[in-house]
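Scroll down for the structure; my scribbles are underneath it.
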Amino acid sequence: VSTELSQGCARGCDLCSEFNGCLRCSPKLFILLERNDIRQIGICLPSCPLGYFGLRNTDMNKCIKCKIENCESCFSRNFCTKCKEGLYLHKGRCYVTCPEGYAAANGTMECSSPAQCEMSEWGPWGPCSKKRKLCGFKKGNEDRTRRILQAPSGDVSLCPATTEVRRCTVQKNQCPEGKRKKKEEQGKQDNGNRNRKDSKDTKSGTKKRKNKQRGATVPATPASPAQ
């Protein structure tokens, strides 16, 4: 840096050199160093040009060149905010096409993630079920759904899931068909017990009749009077 200071600095420059241009800009202005052969010429600007970002400092505000390839403007040295014409912006980088699983949103040159799909609110949780049944279990699953309102470039495959499933626990209750079946089985069992009892009573009655016949006495025939 030349130490030869000129008497008349350019507007907005507080300190300058004939060889290196401005050395210190007025507050709120940014200093931009442009290379001219082997020299760097300092100029003062209200904002930084394309390809640079402004870095404010208590000592002096500077324009720093973006280090990202094909970047037109950047937020920091390694994060692009706008790519050169015809290129797509994705997570601070510039691409010829959007990375796999991403698409340009709403006609812009910014690649949107699946999370940027416009989705409806989740619906209420459905009833707890297991194998499409609503009874006869204690632990099952319940689900809820939502709709895709708008997808990037109309490709719904880029959007998140529209169905969500979670485990659920309920008080186990008997299915109606199970109750009928159990009742029928109970009825059959009662009929079987009744039939066995009737059969037993029949056998007992037969046995009693046989025993009664065996113990019966034959009445004596009265003797005829002697002639």
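Note: hydrogens, waters and symmetry copies are ignored here, and every other heavy atom, side chains too, is used.
- Here Leu50 contributes atom CG and Lys82 contributes atom NZ; the two are 7.0 Å apart, rounded to the nearest 0.5 Å.
- Of the possible donor and acceptor atoms, none in the side chain of Arg56 sits under 3.5 Å from a partner among the backbone N and O of Phe30.
- Note: Gln150 CD to Glu118 CD = 5.5 Å, rounded to the nearest 0.5 Å.
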Exercise for review: Output, in order, the C-alpha distance, side-chain angles, deciding distance and verdict of side-chain contact (heavy atoms from CB on, under 4.5 Å) for Met119 and Ile148.
Suggested key: CA-CA 5 Å; Met119 310 292 292; Ile148 299 173; 3.7 Å; yes
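- Nearest heavy-atom pair, Trp122 versus Thr162, reported as atom, atom and distance to 0.1 Å: CZ3-O, 3.6 Å.
- Salt bridge Glu121/Arg146: absent, no basic N to carboxylate O contact under 4.0 Å.
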Practice item. Show your working on disulfide (SG to SG under 2.5 Å) between Cys80 and Cys94 and close with a plain yes or no. Key: CA-CA 8 Å; Cys80 188; Cys94 299; 3.8 Å; no
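- Of all non-hydrogen atoms in Ile64 and Arg77, the two that sit nearest each other are CG2-NH2, 3.5 Å.
- No more than 12 heavy atoms of other residues, nucleotides or ligands shown are found within 6.0 angstrom of CZ on Arg147.
- Salt bridge absent: Glu72 and Lys84 never bring a charged side-chain N and a carboxylate O closer than 4.0 Å.
- Closest of all the heavy-atom pairs between Phe137 and Cys128 is CZ-O, 3.4 Å.
- Minimum interatomic distance between Ile31 and Cys25 (heavy atoms only, all atoms of both residues): CB-SG, 3.5 Å.
- Looking at heavy atoms from C-beta onward, Pro49 lies in side-chain contact with Cys63 at the 4.5 angstrom threshold.
- When all heavy atoms are compared, the tightest approach of Cys44 to Leu29 is CB-CD1, 4.2 Å.
- Side-chain contact between Leu87 and Tyr95: absent, with no pair of heavy atoms (C-beta onward) separated by less than 4.5 Å.
- For the atom pair SG (Cys98) and NE2 (His90), the distance works out to 8.0 Å, reported to the nearest 0.5 Å.
- Leu45 and Leu23 are assigned to two separate hydrophobic clusters, defined by single-linkage of ILVMFWY side chains at heavy-atom distances under 4.5 Å.
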Check your understanding: Would Tyr52 and Leu32 satisfy side-chain contact (heavy atoms from CB on, under 4.5 Å), going step by step from the backbone distance to the final call?
Key -> CA-CA 9 Å; Tyr52 291 81; Leu32 173 66; 3.5 Å; yes
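- Arg166 has its side chain out of reach of Asn141: every pair of non-hydrogen atoms, C-beta onward, lies at least 4.5 Å apart.
- Hydrophobic clustering (side-chain heavy atoms under 4.5 Å, transitive across Ile, Leu, Val, Met, Phe, Trp, Tyr) groups Leu33 together with Met60.
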Exercise for review: I would like to know whether Ile43 and Glu34 meet side-chain contact (heavy atoms from CB on, under 4.5 Å); could you show each step before the answer?
Suggested key: CA-CA 8 Å; Ile43 58 175; Glu34 292 183 327; 3.9 Å; yes
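- If you take NZ on Lys62 and CG on Asn57, they are separated by 6.5 Å, rounding to the nearest 0.5 Å.
- Side-chain atoms of Arg39 come within 3.5 Å of backbone N or O of Phe19 as a donor-acceptor pair.
- Note: Leu89 CG to Thr81 OG1 = 7.5 Å, rounded to the nearest 0.5 Å.
- Annotation for Cys48 and Gly54: closest pair SG-CA, 3.5 Å, computed over non-hydrogen atoms.
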Review point. Given the rule in the disulfide (SG to SG under 2.5 Å) test, do Cys22 and Cys13 qualify, once you have shown the distances and angles that lead to the verdict?
Key: CA-CA 6 Å; Cys22 192; Cys13 180; 2.0 Å; yes
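- Val165 has its side chain out of reach of Glu142: every pair of non-hydrogen atoms, C-beta onward, lies at least 4.5 Å apart.
- Remark: Glu69 CD is loosely packed, at most 12 non-hydrogen atoms of other residues, nucleotides or ligands lying under 6.0 Å away.
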**Study point:** Pair Tyr88-Cys111, side-chain contact (heavy atoms from CB on, under 4.5 Å): steps then yes or no
**Key:** CA-CA 7 Å; Tyr88 292 91; Cys111 301; 3.7 Å; yes
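- Remark: the Thr163 side chain and the Asp143 side chain contain no N/O donor-acceptor pair separated by less than 3.5 Å.
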Point to revise | Derivation and outcome, disulfide (SG to SG under 2.5 Å), residues Cys71 and Cys83 | key: CA-CA 4 Å; Cys71 182; Cys83 297; over 6 Å; no
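- Atom CZ of Phe53 has more than 12 neighbouring heavy atoms from other residues, nucleotides or ligands inside a 6.0 Å radius.
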